[in-house]
Number of protein chains: 2
Amino acid sequence: MSELRLEDIAKRAGVSRSTVSRVINNQPNVSEKARQRVLEVIKLTGFSPNAAARTLVSQRSNTIGLVLPHSVSTFFTDPYYPHLIKGITQACNQYDFTLALFVAGSKEYQEKLLPRLSSKGFLDGVILQSGHQADQSIILELSKTNLPMLVAGRPLYDDEVCFIDIDNIAASEKAVRHLINCGRKKIVIITGPLTSTVGLDRLSGYRNAMDSSSLKYNDNSIIESDFTEQGGYNAMQKLISSKPDAVFAASDMMAIGAIRFIRDAGLNVPKDIAVVGFDDLPIPMVNELQLTTIRQPVVQFGFKAVETLIELIENDLPIIKRVLMDTELIIRKSCGFESG
Amino acid sequence: MSELRLEDIAKRAGVSRSTVSRVINNQPNVSEKARQRVLEVIKLTGFSPNAAARTLVSQRSNTIGLVLPHSVSTFFTDPYYPHLIKGITQACNQYDFTLALFVAGSKEYQEKLLPRLSSKGFLDGVILQSGHQADQSIILELSKTNLPMLVAGRPLYDDEVCFIDIDNIAASEKAVRHLINCGRKKIVIITGPLTSTVGLDRLSGYRNAMDSSSLKYNDNSIIESDFTEQGGYNAMQKLISSKPDAVFAASDMMAIGAIRFIRDAGLNVPKDIAVVGFDDLPIPMVNELQLTTIRQPVVQFGFKAVETLIELIENDLPIIKRVLMDTELIIRKSCGFESG
DNA sequence: CTGAAAGCGCTTACAG
DNA sequence: CTGAAAGCGCTTACAG
């Protein structure tokens, strides 16, 4: 049934292979009569052209890869990734691309992936989720293959690579400024891992906001953690001795943990300590706690990533693209300040 | 750099294209000397063969598709899917396949997907996540293309299709039997949507267990819900009037909701009402609540799905495959009965 | 507007 | 064990 080739369609429509090909590819220079006849036969037979043959001759597969390197250990628990994939697949649908997904569960698997990723005639380009220093080597290896590549999440060394990220620095500044506007003075921060740019950039934003308001902070105001709830709890435990009146947690999960500790310590949010988180993914607890937070446009981020990658693919000469996306401060009640 | 072809390698190694091809494909009938020379040149040049050309001639792409039809609306919130994907990608890595992911966010997108899915020379086979009656049409359409297809989740009409599922009936029986063994007599159930086989099969298991112990139940013992926390809460509210001493919720999220209502009603779990859930995915609340539940082997399920699909692909004549996987009862404290 | 022919980069009988 | 040649199913100059 589907073992038809272009040639068979041509015969049945009484035209040449070339004409059928032109019709399929929506090219001009086909008479309306011929076009109709071909279209009819195609509908009748359910013909669809062989993808491999098209790829071979056109040098385009219309397939892009999403690579989650082994540094992404939270793929299975973090709702971030499904939302990212949602945006990516939406864009793929819209632009008629297919998504190939590569999840490197371990360093060994990651090694095995490389040849597949870089073999010609398979992917038109690749989105590499990154931001962690451990990804430096795979970024380098992929760069060498000349495969168009967009890194999602600013890489640690971003000299020659194209990347897309949210503006983490501006976002964190916004979060901390909000605490300052609420009248808080002793503001501390729970950061993500400082081996990643997400961790580093959100800390930079905190510093910027504090500095520009001439507020004091020191080493005891900054605790590095790991984006988990328990990590937030533990970090808050360390921070409490400096008697803060506000805490900025670089993720909602850590904010939730921090709040849990604050309550365990017999203190009140927001009265004693105001809290701002980061992410605003649909974690049930976030809503319950009425957490003020920074909303990441995750779905739009995925969508934009695909659009940017397509630009890279369609530009013949390599170009350097950097995209930073804006975030939004979502004011709830954890700073004692409701949205008006 | 990577614009090399087989022919270039052949020239540099002083052999023919055929020999290089044999070396790359690990075929016999190559002298050790020739093999070494070719391998050396390949390593030196970083050559990797063009995937499209290989696919065209071998009629195998080593790519499989995972299709999440639009009936899967919980992709972005349910941790089930990342775990499923974990298992699938692990198997893909092991068997040297690539995963193409198709998420049909809407019915319209799903329509657009079909030609891509069924176009020759692209996918060797497809795993279709299903179990919902709305998927009947896409199952049918894909069946017609002769593309090897495995449905993950028993489809409503399973006559001619290959599928893999967990043994939902046996699992639910096991869950309800446990409640019976704990001495409970008035056992009620919160089911999933009865438009899906997951919903139906887990209800069947409940009935089997109740019947074989000659326990009574009626229409008021069975409330259909939607797998969400709030749905579980609402369902429990309706069930409470029949004064149950135990409830089997067909998902952990619903069990969590049910427990919330039970507590709001001033009752105690497990003293007044014992609770068993279903899934045992790493939802933080499950642990906190010490919920007794059925553990689905989600990762292994994904892995096995790929292995089964590969069998289908490699069998020349179509075969009907049905795989049912076992589950495990995880005894915690929500039935007042700790594991020994 | 149309078709014959070359070619994309491989694999695989086939003959030696 | 080895290589020349055909062919996988398309697209795309090219000539008309």
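On a predicted model such as this, the values are computed, not experimentally measured, just so you know. Numbers restart at 1 for each chain; the letters A, B, ... are given by sequence-line order, proteins then strands.
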Using whole Å, what does the distance between atom [atom2] of nucleotide [N] and atom [atom1] of [X] come to?
| X | N | atom1 | atom2 | answer |
| --- | --- | --- | --- | --- |
| A:N25 | D:dG9 | CG | C1' | 13 Å |
| A:L4 | D:dG9 | CG | P | 11 Å |
| A:N50 | D:dC10 | CG | C1' | 7 Å |
| A:I42 | D:dC10 | CD1 | C1' | 13 Å |
| B:L6 | D:dA5 | CG | C1' | 15 Å |
| B:K120 | D:dC10 | NZ | P | 11 Å |
| A:R60 | D:dC10 | CZ | P | 19 Å |

ask   = Counting only non-hydrogen atoms, which of residues 28-37 of chain A are less than 4.0 Å from DNA chain D?
value = none
ask   = Looking at residues 12-23 of chain A, who's got a heavy atom less than 4.0 Å off DNA chain D?
value = A:R17, A:S18, A:S21, A:R22
Only pairs under 3.5 Å count here: list side-chain donor-acceptor contacts from residues 296-309 of chain B, not counting sequence neighbours, and write none if there are none.
| residue | atom | partner | partner atom | Å |
| --- | --- | --- | --- | --- |
| B:Q296 | NE2 | B:D279 | OD1 | 2.8 |
| B:E307 | OE2 | B:Y95 | OH | 2.4 |
| B:T308 | OG1 | B:K304 | O | 2.7 |

ask   = For DNA chain D, what is the dot-bracket line, given that a base pair needs Watson-Crick (N1 to N3, plus N6-O4 or O6-N4) or G-U wobble (N1-O2 and O6-N3) geometry with both distances under 3.5 Å, and | means paired with another strand?
value = |||.||||||||.|||
query = Less than 4.0 Å between a side-chain N and a carboxylate O, is that true for B:D8 and B:R5?
reply = yes
task = Could you pull out all residues at least two apart from B:K321 that satisfy salt bridge (charged side-chain N to carboxylate O under 4.0 Å, His left out)?
result = B:E311
A quick test of your reading: do over 12 heavy atoms of other residues, nucleotides or ligands sit less than 6.0 Å from [atom1] of [X]?
| X | atom1 | result |
| --- | --- | --- |
| B:E40 | CD | no |
| A:Q27 | CD | yes |
| B:K107 | NZ | no |

key: Residues that A:S58 engages under side chain to side chain contact (heavy atoms under 4.5 Å, CB included), provided they are two or more places apart   = A:R60
inquiry  = Can you confirm whether the side chains of A:N93 and B:R116 place a donor and an acceptor under 3.5 Å from each other?
reply    = no
inquiry  = Pairing donors with acceptors under 3.5 angstrom, does anything connect the side chains of A:E32 and A:Q36?
reply    = yes
message = So which atom in B:L147 and which in B:L123 form the shortest heavy-atom distance, rounded to 0.1 Å?
response = CD1-O, 3.4 Å
key: Phosphate-side-chain proximity, B:Q59 and D:dG9, N/O vs OP1/OP2 below 4.0 Å   = yes
key: Short side-chain N/O contact to D:dT12 OP1/OP2 from A:Q27, under 4.0 Å   = yes
